[in-house]
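Naming: A, B, ... by sequence-line order, numbering from 1 per chain.
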Protein chains: 2
Amino acid sequence: MLSVNRPAPSAPNPCIDCRRCALFPICLPKNMDDQALAELDQIIVRHRPMAKGAEWLQHGQPFRSIFAVRSGCMKTYRINSTGQEQVSGFHLPGELIGLDAIDAGSYGTSARVLKECSVCEIPFARFEQLSEHHSVLRRELVKLMSQEIVQQRWHAAILNKQCAEARLAGFLLNLHDRLQRRGYGHESMLLSMSRYDIGNYLGLTVETVSRSFTRLRREGLLQVQGKQVHLMDLERLRALAAEGLPH
Amino acid sequence: MLSVNRPAPSAPNPCIDCRRCALFPICLPKNMDDQALAELDQIIVRHRPMAKGAEWLQHGQPFRSIFAVRSGCMKTYRINSTGQEQVSGFHLPGELIGLDAIDAGSYGTSARVLKECSVCEIPFARFEQLSEHHSVLRRELVKLMSQEIVQQRWHAAILNKQCAEARLAGFLLNLHDRLQRRGYGHESMLLSMSRYDIGNYLGLTVETVSRSFTRLRREGLLQVQGKQVHLMDLERLRALAAEGLPH
DNA sequence: CGTCGCTTTGAGCCATATCAATACGCGTGG
DNA sequence: CCACGCGTATTGATATGGCTCAAAGCGACG
């Protein structure tokens with residue numbers, strides 16, 4: 001069922017420096033001066049794209065690096081004591097993985113590729129050395145950690161007493177916003193995660209997710225065709241997500 | 001219904017420097033050298049204790065400072081668009097409030113005193129200046145932010161498909177652990193939040209919280225007398241919290 | 001063209017919400 | 001000191017949203 005780490009057969013050369021990377025305006029190095037950027041560029045390990053299904057991180061491994069998604073999509077998850085998978089997040093290009101491990105010393109989640117994905121590895125010890133001399137660097141890290149806290153808080157909020165439809169609406173809007181901020185702004189999205197993963201993330205069963213999609217579609221809030229979703233009425237979707245109560 | 005910011009009548013003098021503070025071993029300045037500590041000590045604003053019910057922070061206010069709880073207990077919450085309060089966290093001595101605002105520029109939550117509470121204010125701009133010269137300082141901040149991410153993730157996990165009893169068990173264990181790490185280690189705890197707040201935080205109604213307490217008590221997992229809770233069997237509580245499924 | 005996994009749809013059930021009533025606890029004022 | 005009153009907590013009876021179980025549809029891929 002699980003494919004192991006292996007690069008995709010015909011991967012584009014992933015070795016572009018940060019400045020020429022499409023994510024430059026929103027990724028960690030965005031506000032850096034030439035000097036800082038050049039030094040950061042040198043410590044970053046740019047990995048070859050990985051195929052869907054590949055497991056990139058395993059929870060419990062010792063913390064060494066922070067990872068930035070460069071392309072594609074990852075999910076982070078954890079297997080709990082009953083053997084159930086718990087999806088804790090989806091990670092889009094420009095987002096970081098592993099921030100939870102800085103204090104703990106080991107990663108709190110595993111990470112798996114949902115859509116062919118390449119990753120920039122930032123060895124943390126060297127990053128800290130660099131940040132001694134470049135205050136921009138640490139400021140950016142702190143800001144991204146703050147963002148992560150906000151995102152996590154949002155996740156908790158959506159799980160807390162929202163009805164199924166509101167959760168789904170909120171989830172889609174959240175994805176939409178994050179894509180928008182990354183320049184992929186369009187009401188049409190190609191979801192890279194399965195209905196199972198969505199349900200797991202939202203605290204719902206697949207069946208309920210499916211039914212919620214159907215209801216939102218019937219109410220004219222979105223068009224759905226498998227993984228292709230088109231948000232028809234952002235206004236009403238936002239209202240629904242904000243309201244959150246049953247019916 | 002709400003009392004306004006006002007110091008408690010007979011408050012102990014809160015103006016002790018960090019080194020003599022009881023929280024020193026676990027608070028932000030814990031690993032600092034004399035020099036860093038002295039400078040940090042100077043920028044910290046130590047506020048007088050505030051009475052239960054006082055509102056310390058209002059969500060949306062511009063971000064200036066991070067706050068460390070020195071004594072007592074605070075809750076952070078947010079009023080959603082339907083006028084409902086959403087409790088996002090409880091903050092014990094040595095824990096920080098406001099980390100979510102660093103990137104956003106304004107606080108994402110309000111904060112209210114649950115139990116007479118004093119606060120150390122750390123003006124962030126000056127903190128950043130200081131951290132230019134003291135790497136310990138920024139390392140500690142990053143670690144505490146990482147901890148906050150872990151705590152938020154835990155909150156999301158507990159809301160996700162755990163039955164009421166498991167949520168409550170997990171909540172009590174989490175509090176217990178945090179108190180323990182702060183030297184208040186004892187199986188007996190005096191909860192400073194109401195059943196309403198617990199329910200709100202756990203995504204349950206008051207009634208369900210109350211019933212869950214009753215069931216845990218009947219099964220011999222804890223003793224309850226109002227806000228006084230005694231954890232009788234940490235082992236079984238942990239098992240219950242880990243399992244998480246209905247019945 | 002068949003297989004396998006993912007998704008959708010349907011029918012019945014269960015955990016928790018909701019509504020309602022009572023009990024407790026604490027501070028206030030007589 | 002006790003009586004009162006209000007907010008908090010417990011307990012009971014009923015309603016319901018989402019889960020579970022079951023089956024059929026759909027799509028990708030060999």
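- The distance from atom CZ of R167(A) to atom P of dG18(D) is 7 Å, rounded to the nearest whole Å.
- Remark: the backbone N or O of Q162(A) is paired with a side-chain donor or acceptor of R167(A) at under 3.5 angstrom.
- Legend: residues meeting ring-ring contact (aromatic ring centres under 6.0 Å, His included) with F171(B), ordered by chain and number and at least two apart, are F90(B), Y201(B).
- Between the NZ atom of K52(B) and the P atom of dT8(D) there is a distance of 8 Å, given to the nearest Å.
- A close approach under 4.0 Å does not occur between any side-chain nitrogen or oxygen of R211(B) and OP1 or OP2 of dT10(D).
- OP1 or OP2 of dA17(C) has at least one side-chain nitrogen or oxygen of T208(B) nearer than 4.0 Å.
- Dashed line: the shortest gap from a side-chain N or O of T214(B) to OP1 or OP2 of dT11(D) is under 4.0 Å.
- Rounded to 10 degrees, the angle between the two end axes of the helix from dC1(C)-dG30(D) to dG30(C)-dC1(D) is 30°, with five pairs used at each end.
- At the heavy-atom level, S210(A) lies under 4.0 Å from base atoms of the strands shown.
- In terms of phosphate contacts, K161(A) brings no side-chain nitrogen or oxygen within less than 4.0 Å of OP1 or OP2 of dT16(C).
- Salt-bridge check for E95(A) with R182(A): passed, with a basic side-chain N closer than 4.0 Å to an acidic carboxylate O.
- Within the structure, every side-chain polar atom (N or O) of T205(B) is placed at least 4.0 Å from both OP1 and OP2 of dT16(C).
- Backbone-only engagement by G203(B) is indicated by non-hydrogen atom pairs under 4.0 Å involving sugar-phosphate atoms exclusively.
- In this structure, K227(A) reaches the dT7(C) phosphate: one of its side-chain N or O atoms is under 4.0 Å from OP1 or OP2.
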